[in-house]
Structure formats: C-alpha cells, structure tokens
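Have a look at the structure below before the remarks.
By convention in this document, chain letters (A, B, ...) are assigned in the order of the sequence lines, proteins followed by strands, and residues within each chain are numbered from 1.
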Amino acid sequence: MLRLTLHQMRASAGRLVAAGIAIMLGTAFVAASLLATATIERTTYNSVSSSYSDADLVVVASGGLTDDELASIAAVEDVDAVHTMALLGAEASGPSRTEYVTLGGAAPDSSLESADLAEGELPTAPGQVALTTAVAERLQVGIGDEISSSVEQWEADPDSPDGGTSQSQTATLTVVGLLNEPDAFLFNRASALIEPDQLSELLALARGGEPAHYELTLALAAGADLEEVRDAVGGLVDPSAHVRTVEEQAKITTAQLTGNDQIMTVLLLGFATVALAVAALVITNTFQVLVAQRTRTLALLRCVGAAKAQVRRSVLLEAAILGTLASIAGIALGSGLVAAGLAVLSTLELDVPIDSGLTLSPAVILAPLITGVLVTTAAALVPARMATRVAPLAALHPMEGRDAPSAGRARAVLSTALLVGGFGLLALAMVVVRSSGSDSEDTILLALGVGLLGGIVSLVGLLVGSVFVVPRLIRLVGRLAGQGVTGKIAIANSVRNPKRTASTASALLIGVALVTMMSTGAMSARETLTNELDSRFPVDLSVATGESLSDVQISAVEGVDGVTESVLLSQRDVDAANEDGTSTWLTVAAVEDGELQNVLRDPAAAQPEPGIVVVPSEMASWQGIEDGDRLSLSGSGPEAGSTEVTVTARVTGLDGMVALLDPATFAEFGEVAPASMLWARLADDANERDAVRSVQSTLTDLSESVEGLQAPEISGAAVERAAYGQVVDTLLAVVVGLLGVSVVIALVGVANTLSLSVIERRRESAMLRALGLTKAQLRGMLALEGVLIAGAGALIGAIAGLLYGWAGSTVMLSSVAEVPLMVPWRDLALVAAVALVAGLLASALPARSAVRTSPVAALGVE
Amino acid sequence: MIREPTHSQTRPHRPGTYGRNMTTTPPPATPGTPVSDASAVSAVSARHLTKVYGSGDIAVTALDDVSIQFESGQFTAIMGPSGSGKSTLMHLLAGLDSATSGQVLLGRTDLTALGDNELTKLRRERIGFVFQSFNLLPMFTAYQNITLPSELAGTSPDQNWLDTLIDTFGMRDRLTHKPHQLSGGQQQRVAIARALSTRPDVIFADEPTGNLDSRSGAEVLSFLRRSVRELGQTIVMVTHDPTAAAYADQVVLLADGKIAGTIESPTPESVMSGLDALRTIDQTAVAG
Ligand SMILES: Nc1ncnc2c1ncn2[C@@H]1O[C@H](COP(=O)(O)OP(=O)(O)O)[C@@H](O)[C@H]1O
Ligand SMILES: [Mg+2]
C-alpha cells in the first residue's frame, strides 16, 4: 500500500505542493512565533547575566542588607570582593545644565564590574566619578572637569505634615572616566559610577539609615568551594535572602521579566491557529478532489480486494507524508524568516544587544512538526471517509459529467441553528453591556465571554452554511453583473461544485472576517476616543507656559502646516468665594487676541460669556464647585485691586485646571498680562500626527536654541488623538499583518481549486476553444471564476467581520463612552480590492495551463 | 465494424495498386493532383499538406504531402484505417492545429497564415464542429448550447435560421432541457444544430456516431445529410463505419498519411470493398 500511496502522490505532486504550501505557511507561523519568543528570552537572559558580570555568587535580599552585613559577607573566607548593585538617583550639574543621573558603585574587583569603560579610569576614591559619554556630553564635561551632584536627604519628622523633611546634600565630584552606554534593555544600569564607600554613605543619607543593599555580587578566591561559601554567606543573611549563582539568578529574573511575553506568544500562536485552521480547509478541499479524481483507481483497488480500512489508511498516510514534508519546509521557512528579521535588527544598532543566532530547541522544531502533521492528517479524515465510500462498481461506470451531490437538509438546519444562536449570543453580549450601563469589570468580562462564544458559534455556522450561501451569492452577483456568454459560463462553472467552491471561499472568509473585525474595532475605538477627547479638550492644540509665550514661539506654532486658526489667552489667579461660604482660588484665563469660537471643537463646552465662568469638571470637583454655583471672584496677589465680580459657574466636561472668563470680565481684575497660552485649531484635512509632531519639535528646538525660552507644555485633543491613533494603528497593522498569512493561505486554496477545475474541465475548455473561444476569453473566464469565489468569501467575511467588530467594540469600549457603529469603508474597499486582485492572481497560473490545452483535445476520445 | 489493420510508417507507397479496384471514376477534384486556381472556389482545400509529430528518431509523419479540395454543398466522409491520419487531416483543415508544411484554404482565406486569435475568430464564424462526445456544456440548456457560437462571437443569432434548424431537427419541445435530460442522439442533434447555427462555410464532424447506438446513429446521419441536401451546408465527416460513410456524397480514403482514393455516391458495400482493397495492400506490404 505504501508503494501505491507514494506512486499516487507522485502522480498528483502539483496539487499536493499547492496544498502543502498552505500547511507550510501555517507551521512557519508556529515556528516563527516560538523562535521569536525563545530569542527574546535568550536576549533577556544574556542581558541579565551580563549585568552580573563574572560574579561567582549573587545575593538577593528583598528586605535589604545593611553596610555591616555587607562587611561580614566580605569577611567570609574565600570571598575576594563584594559589590553592591544598589543605585541612587541624584541631580548632577555641569557648567550650564543639570541632569538627573543614576549613581552606582564602581566594583571593587574587575570581575564584578559590568560597566564598560570607554576612556579614563573607574573611580577608586571618594570624590571621583565616571559618567556615560551621553551624560558627559549633555553636561558638557570631560575627564578632569568637576561636576556637583546633589542627593535628597530624607529625615523623618513626625511633626511635619508630610511625615519628614528632605534636604539636599551636595558633593563635588571630579570626572575620571567615561563609560560606554549600557544596554538599554534592562534596569540596573548606572549612568554615573562613584567609589563604593561614597555610594554607601550617600545611600545611608538618602534612605535614612535603612538597609540599602538589595543585590550583591561576590567574587570568590580561586579554588574556593562554591557550595561552602554559599552556605557560609547564607548563614549570615536573613533566611528570606537567596544566595545563587549567576546562572540561577539570571534564569529566575528572565522568567519574571519575560512573563509578559507569554501573552505575546499566546497571541501569536492564536493567529497561527487561525492560519492553520484555514490551511486545514484548503487541505480538506484538495484531498476531496484528489479522492474524486482517483475514484476509478480506488474502485479498481476495491475490486481487486483492497479493504475499506486499507483505502482509508492510504489516504491518511498520504496526508501524513504531506504534512511531514510541508511542516519541515514550514519550520525552515519560519526559522529563515526569524533569522532574517534578527539579521536586519542587528544591523539597526538598537540599544538592545540582539543575538542574531537562532535558538533551535527541540520544542521549537517538534511543536510545529507535530501540529502540522496532526492538522494535515485530521483535515484528510473526511476525504478518507469519502474514499472508503467508493463502491467497487464505480470502476465499471464512466465518471465524467457527474455533478456533485447537493448538500443535505440536516446541514441547512444545523447551520441555521448555529447562525441564529451565534449572532443571538453576540446581540445578547451587546445588550448586556449597553443596558447594564455600569463599567464593572465582571459585566464586561461576562459579556466578552458570551460575545466570544457567539462569535465562534456563528463563524462555525457560516462555515457549515457556506455551501448554501456562497453559490447563491455568486449566482446573484452573476445575475446582476454577468453579461455575455463567457460570464454566464464562468458563473455556472463556479457553482458547479458547491461544496468545493464554498469551502474555498470559506478559507478566505475566515481571514477577511478577522481582518474586518479588527479594523472595524480599531475604527470604533479611534472614533470613541476622538469623541471623548473632543469633549474633554476644548481645542486641538494648546501650548502653555508658566510665564508668557514669546513671539517666536507663537509665530512658530502658527507657521506649522495644518494649523489654521489660533487664539492667545492670558491667565491669572483669582480668589473665589462661593455663596455657600467656602472659598478657594482659581486660575482663570481669557482670550487676549483672536476669536475663541474659531478654535473650539465643541463651543458649548468652553464658551464663556459675561457673568459666566466656565469650570472644567475635574477642577470643579477638586475645588468643590458645582454647576450653577454663584462665585465672587476677586484679584489675588499684591498688585490686585479690590475688584470683585460675581459670576455663575458653568461646569463642563473640559479637561485641565484652568477656568475660562470672557475678556471683559477678565480685564476688570487689573492689567492683563501677556498671553501665556495659545490655542490652535488644525485644518480638518490636515495630517494631525505630522502637525503635532512638527509643533512639538519646533518648540523643543526653539527652547534649546534660544536662551531663556522655556519649553512650553503642549496638550490638546490632537496630541492625544495622535498618540492614541498611533497606538491603535500600529496594533492594527501588526494584527492585520499576522492575519494576512491566513489570507495568503486562503488564496493558495483559491488557486488550487481553480487549477483543479481547469484539469477537470480540460475537454470542455478545449471544445469551447474549438467553437471559437479566444485564449483571452478563456483566461477571462477563469479570472472571473477566481474573482467570484474570492469575492463571495470576502463579502460574507466582511459582513461577518463588521458585525463582530461592532459587537467587540461595544462590549469593550462602552464603559468608556457611547460607541458609534462605524463602517471602515476605506479598509473594506481595501479588502475588496485585495480579494479581487487575489482572485485574479489565483487564476493566473491555472489559466496559463488552461490556454496551453490545444482545442484538439476536445475532439478525440481518451 | 471494420477491424483496422495496423500500419507501418516504413511501408512503401504504391499508388497504382488499388486504383483498379475502385468501383467509381475519380471525382472532379482528383486527389493528389495540383489544385487549380479556377474561379469556382472550393469550400476547403489543402495544398501539399504535411504534418510531422515529434522530431528525430520518434518523428511520425501523420500527413504526407496531401492535396485535396472539398466543394460547397457536399457531404464528404473521410475513411481509413486507424492511424492513417484522418483526425490529423481534419484538425489541420479546421485550423485547430498547425501544419508542418503546406497550405489550407477556407474559401480564399489561407489558414496557415493566421495567428491564434484570428483562427479562433474564423472558427466561430465560418466553421462548425460536431464531436464524438462532450459536445455540450452540461450547465446550459439545449437552446443556450445551440446559440453558444454566436454568443461567443458577441453577435445575435439569425432567429429565422434558428427556427428552421430547430424545426428541421425536431428540437422545439426540448429547448429548455439540460444535456443530461437528453438522449445521446438528441444531444448530438443539438450539437449539429449548434454547428449549423452560424451558417458556417463548412462543418467538421469527428466520429459523430461513435458513441451512439445504431438507430440514433442513423438518425444523426440522416440529419447531417438533410443539412446538406435541404439547407445547402458543407460537411466533412471522419468515420470508420462504412454504413455511416454511405450517407455521404463521396468518400475520401486515407492510408498512411496519403489520399488513397475516393468513392463517389458510396454504398456500404462499395465503401467496404474500398477498405478491403486498402487492407489487401496492407497485408501485401506486411507480406512483402
Ligand atoms: N499529438 C500527436 N503526437 C504524436 N503523434 C501523433 C499525435 N496525434 C496523432 N499522431 C500520430 O499520427 C498518426 C495519425 O494519427 P491520426 O490522425 O489520429 O489517425 P486516425 O485519426 O486516422 O486514427 C498516427 O501514427 C498517430 O500515432
Ligand atoms: Mg482519429
């Protein structure tokens, strides 16, 4: 039987290769996910262990160790050196700038030093410091220069309202060395090293004498017994502390650090599962056709005495062989992709040291291999059963021209039930969230669970029912669009084998549904956030400083592309006496120059009038002001006059801590100070992200180049939108990219189905060619067929995805705000275009072989 | 049915041997003689047509310098032993395959000078086909199958002509049936109606009765003959059934890639004896 199986495989090699590509892509996905995770883990491990340098032992004490304990550990026999890894924040000042640095101690022994000296030497005495080159550059100091560093000293004081006082302790340090930049990947890296005893002193100051050493590295004498020393050190410290080798510690730390990556692995594997599911559909399809084509051979085998079980085993064996070969190719492809990715990353000079070698553990190879073989074999189960149903008598009957049997009633009932049930659950999830109105996490989780179940059930329903829907849809579309006989033939051809067409379209349906779901969800999320932001921020862009804005800053902002309107506001502090007797103070602002309504997105939220002060809600609750309160405002500060104005508070959903007055009322409190705040509106068609970025960079450049200019605070809806938008878009791009793999697999399926049709209809095509069908018309027919199949899958997928997206975003976001049900037209158009182009592409190769068939083939008998 | 003798490519060609056994005089267009440039143009003609399949050691000369012409309004049957080149000749005449050398003229059009698209266009406008099997598109009705060629050409069929065809073939009550609802003979009738639907210059039929029982076969053949007699069509039919060939106006005998003679007003008996003569040569060749 094995020989026969192999022989049959050789005969159908082309088709098997196409099916194998589907499995290969799926397993490549699995392999790449696992490899990427392994690489991240190893990179982390390397970083962690390199931070311990060549230490022999690491002492980790969550309760901290005192200086005395440190000394007693150093006194243990065979311990050569002890290095504390404690860090301390400090301000370092050069001639013109002050910078925040992290102080660490220089290791007493070179084997414990993880810092990488670029120039000079490491500090060996108090008063010396080694800085990273970047810090030295920013402070504008070099070797031999002096810097002053100040550490906040904390002293507990029960009388103080804060429970203690802090005082700054300043020391002068001489720069003796420059350090290379440490890996940015991890914690634990000092940007300035000082002599360890001085560090201990400063630590004692800063922590008020509390134990300050949480991690120590030890260097042992040559030939020391590691276990003996470990026990000796362990006996000196608190039992909760651990004494470990670097390897042990690095493993533990890596596991803690990469805990979050597990989620990523799970997500990646989730996408891989989708890809494999789609691949399984393609495989089932291919094997069904192979079995159908081999009916004669199979029947003959049964005639000469092959048992049903043998026939089934032959099909499954074929699948297993295919699965094995394709999985091996997939693992190679996945490893290749990851290796290529790493090679690219390592040339990018990231701060992270990436090891460009692959970590090929047995799991990375076995998991995709086993998955691939199992999926392929499982996908061949139905075709294998089909093969056993071939009656020996079939060998005696001609096979051609037999139409595929139509799907049964039970299937229709099942799919209807699944669809109704699934979409019912989805609706239920939405209703639960909408009606409960609460943002309790339990409700959301419950709704999420119900929705997820509904989504899966309805998707299965779609797949089961596709055999009814897809052909009808194709006929309908065909009737609407199909003119001309070639169109009619193409449409008739595409629904000739409803099951095959449906499962081909289904493979695409899955990918398209998920992509559409994601983009619908992303769009709803973006829109929900945008609405939220529009009502919270009065304007797109707000630029504010503590003092006054300079003209260069104002004209710089106004000159940025996309900024259309701007107004200048002036601020002042006023005392406010509420009619209920409480009193407080408010920062109020008023327009100094420009028309407020020109820049407002939501005028109702921010439009002050005489007699009204607009108070942001957060500020209102902070200050105990309620909507409608009557406030008597009076100037505060020495230069304020005795003006007192009574206004009504209007509390709106604005963000921030500045209340708004109309200019006339504002002016009553005395001379109006120069504007310290600029509000700007961006053009509706402007690229918000670019505009925000260029405002930010322009202002930063100005504050660096112009003496005495403060960098202003930039906020506003556009800034937030740009930030959220970037996150949402990046996530979407990643997810769509990952789902794209399943779409590609589905297209392999479409091409596969088409080429099978071409083979099956060889004589028919030849007859049409003889009757006067041109090569171009034949190509066009196949292209149309491809487009119809792909289009049907894409259309159903898009509709389902839209519903899933709506349900998903409603469930997840309605606690934030009212979720609008958006249709991502642009993305849908893109999906449609991809489906159409894909259908065309998928038809290209089959069409090539179809037009090669000579019309003569129609005339002869087999 | 005739047992077709096996043939041998190396067998010498001896033209005179069987000429004496022919029961009829040579036809107006003598096979093998140069085609005259007379003003009366033949429906189809071939000049010095040679077809070689493959090359080198495995080269097979399927047609060897064949010149022949088929007049308009004639029903011609091509006969000969299996492998004698009947199908090859028909493919070349119909523009389905290209000749190694020589010329094929459809009316005044030189097919050998045309590219694939021009040939395709010519086939759907000026040539009709009836095949042995797989004649009809299974998902189309009989009527849709009949109008297929004009639909492919994007022209509307001549309704009066279609009516004539449908009535001549007695298909009126079967027009909405799908092929699988029709008998083999009925399917072949639809195929003939389709071939005639564009009033082609010539219709080629390759073993049109090969898959039919004798009664349906006879019916189909009489329809072919009626197409010629009553509708003025030109038909070239390949067959190896002498009874079928007897429906034709003349029979062209092919042997070993060459024209071996023609039989005018054939009867099954005259065709049979013509074939017998070929077989005799064959045996002579084997013996010699
Ligand atoms: N496509 C082909 N390739 C190679 N040889 C062919 C091909 N078609 C036909 N032949 C050869 O050409 C000769 C004539 O074949 P054919 O025209 O089919 O004969 P007939 O139809 O009279 O049986 C035969 O020897 C046959 O083997
Ligand atoms: Mg033949």
Test log, rule side chain to side chain contact (heavy atoms under 4.5 Å, CB included), inputs B:Met139 and A:Asn493: CA-CA 8 Å; B:Met139 59 281 189; A:Asn493 278 341; 3.1 Å; yes
Interatomic spacing from CD in B:Glu151 to CG in A:Leu773 - rounded to 0.5 Å: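 Rounded to the nearest 0.5 Å, the CD-CG separation comes to 12.5 Å.
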Chain A contacts, top residue of B:Leu137, B:Ile127, B:Asn117 (heavy-atom pairs, under 4.5 Å):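 The residue among B:Leu137, B:Ile127, B:Asn117 with the greatest pair count is B:Leu137.
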Short side-chain to backbone donor-acceptor contact, B:Arg123 and A:Ala770, under 3.5 Å: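 Side chain of B:Arg123 to backbone of A:Ala770, a donor-acceptor pair under 3.5 Å: yes, one is there.
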A:Leu771 versus B:Arg124, closest heavy-atom pair with distance: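 Shortest heavy-atom contact: O-CB, 3.1 Å.
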Shortest non-hydrogen contact between B:Leu152 and A:Leu768, atoms and distance: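 What the structure gives for the nearest pair is CD1-O, 4.2 Å.
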Residue part contacting chain A, namely of B:Phe140, when any heavy atom lies under 4.5 Å: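 For B:Phe140, side-chain heavy atoms alone lie under 4.5 Å from chain A.
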Side chain to side chain contact (heavy atoms under 4.5 Å, CB included) between B:Thr120 and A:Lys775, worked out: CA-CA 8 Å; B:Thr120 304; A:Lys775 283 184 177 179; over 6 Å; no
Contact class of A:Arg769 relative to chain B, heavy atoms under 4.5 angstrom: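 Both backbone and side chain.
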